[in-house]
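Written below as structure tokens is the structure these notes are about.
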Protein chains: 2
Amino acid sequence: MGAITGGKSRYHHGDLRNALIGAAVELAAEGGPERVVLREAARSVGVSPTAAYRHFSGQGDLLHAVKARGQQALAASMTETLHARPRLDDPGEEAVRRAEAIGRGYVRFAIEHPGLFRTAFCRTTPEAPDDFTGLQAPDDRPEFAAFVELSDTLDALVATGRMRPENRPAAEVAAWSTVHGLSLLILDGPLAHLPADQRDAVVERTITTIVAGLVR
Amino acid sequence: MGAITGGKSRYHHGDLRNALIGAAVELAAEGGPERVVLREAARSVGVSPTAAYRHFSGQGDLLHAVKARGQQALAASMTETLHARPRLDDPGEEAVRRAEAIGRGYVRFAIEHPGLFRTAFCRTTPEAPDDFTGLQAPDDRPEFAAFVELSDTLDALVATGRMRPENRPAAEVAAWSTVHGLSLLILDGPLAHLPADQRDAVVERTITTIVAGLVR
DNA sequence: TCCTCAATGTTAACAGCATAAACATCTGGG
DNA sequence: CCCAGATGTTTATGCTGTTAACATTGAGGA
């Protein structure tokens, strides 16, 4: 196969699938999922529109790939944010602060990369077998790394006595729901036109509130 | 103007704007915002596609009208649910239960009317001057009735000593974020394929958690 | 070495969409 | 009575996704 050979034929691209995904990711980053249009991605790669059909079943399939990239980018950003955080001595306090940091990282990514974030959670086909069913995430896929870290943090809250065991079930859903909804209200909803400082204050208070509901 | 006269000319519709909105709402209810396509709405009303441009500046404008209808439907559903609820004697307990009911009503509408719900919060034009800026809602518009009721309920939580005054700011954002995010995770996200009973249990626990974070 | 064939790209074509321009038909107010 | 503005229609343009038929390339077996 052609690979990325110096510059011979130019008829075969060599890595068209990834190139198309890259172009589509750029489009998504600029304008969200509705902007990832197959013909434009092909155009920006310099290839005929129908060439994409050799690598994707259609526009929906391309969008699906971009969505996966968005999820990975979110996860990567969050884990990076988490690793940069100084570790506290007290395990209970550490778990609480860690939970707050996870929420902050989530919302921060949404604000800094609105197009990618919206794409990461856009509706694709009704049948999406890639999603995990609610409460248990496969821990071998990179896009779920952040979710696994949330789970571990919640476990730590229980282990350190900061959270009552009977509150543990579905705790990740409560946490995730709050930061997810907050992100969307900020991106597209009534909080969209809020000045940055007020917005940040609201984010802080919201995260404090949900964590308070969890730890008790 | 023609009004809804018996059935004379048929050239002028008489109430085309509302008819188009109605058709578009039906489309949105079936398939969400991306399905509200101007030509199909015109078709189902029995009118030429370009006739719509006498009443809307374009497809985006029509979608905007449908979005408003969705918001009103959500608000109406929630207030109805609230009014059906039995009132408790203890004011503090009443406020807490009321807050929980508001959250339940929100998520319930999302589950029962997914297309309308998604349309009510879909992205339209970047400039949306109809949104209120975050923390204060105009209390004279029907689509904000439910939000005003949430605000009142939170005030009641403070007044009855169930919530500390310093937690009051942005409390509506925290509450709204949680139920909003939960709704979307259920509609389009990882909770989509959850069986109804498990899903309902998760909803209950999530609402309990956020209310716990508010009341303290 | 050469030759075939599957992989991968291209052009041409079609249908559906939003939208604009020019034209047609009512209808209310002078 | 009649005409001007409101409302609806036809026609046309350019975008999109998608399919079908054709072209080019490279890799591996005769």
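Residue numbers start from 1 in every chain, and the chains themselves are labelled A, B, ... in the order their sequence lines are given, proteins ahead of strands. Predicted, not measured: the structure shown is a model, and the values here were computed from it. Note: hydrogens, waters and symmetry copies are ignored here, and every other heavy atom, side chains too, is used.
B:Thr81 has its side chain out of reach of B:Arg104: every pair of non-hydrogen atoms, C-beta onward, lies at least 4.5 Å apart. With contacts defined as side-chain heavy-atom distances shorter than 4.5 Å, the pair B:Leu82/B:Arg98 qualifies. At least one side-chain heavy atom of B:Pro190 sits under 4.5 Å from a side-chain heavy atom of B:Leu185.
Outside the 6.0 Å centre-distance limit, the rings of B:Phe147 and B:Tyr106 are not counted as a close aromatic pair.
Remark: P of D:dT16 and CZ of A:Phe56 are 18 Å apart, rounded to the nearest angstrom. The CG-P distance, from A:Leu38 to D:dT16, rounds to 10 Å in whole Å. What separates CG of B:Leu16 from C1' of D:dT7 is a distance of 9 Å, to the nearest Å. As a whole-Å value, the separation of B:Arg43 CZ from D:dT9 P is 14 Å. We find that CG of A:Asp61 is positioned 13 Å from P of D:dG17, with the value rounded to whole Å. We find that CG of B:Leu63 is positioned 16 Å from P of C:dC17, with the value rounded to whole Å. Rounded to whole Å, the distance from CG on B:Asn18 to P on D:dT7 is 13 Å. Per the geometry, CG belonging to A:Asp15 stands 11 Å off P belonging to C:dT8, to the nearest Å.
Between A:Gly60 and B:Gly46, the one whose closest nucleotide on DNA chain D sits nearer the 5' end is B:Gly46.
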Point to revise | side-chain contact (heavy atoms from CB on, under 4.5 Å) between B:Leu157 and B:Val215, intermediate numbers included | key: CA-CA 7 Å; B:Leu157 283 177; B:Val215 301; 4.1 Å; yes

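Taking 4.0 Å as the cut-off between side-chain N and carboxylate O, B:Glu40 and B:Arg35 do not count as a salt-bridged pair.
Here B:His55 does not reach the OP1 or OP2 of D:dA6: none of its side-chain N or O atoms lies under 4.0 Å away.
Nucleic acid contact for A:Arg17: none, since no nucleic acid atom lies under 4.0 Å from a heavy atom of the residue.
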Could you pull out the protein-nucleic contacts involving nucleotides 19-22 of chain D (nitrogen or oxygen on both sides, under 3.5 Å)?
none

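Remark: the A:Arg39 side chain and the D:dG17 base include a donor-acceptor N/O pair separated by less than 3.5 Å.
Taking the six-membered ring where the residue is Trp, B:His180 and B:Trp176 present perpendicular rings, their angle passing 60° and hence far from 30°.
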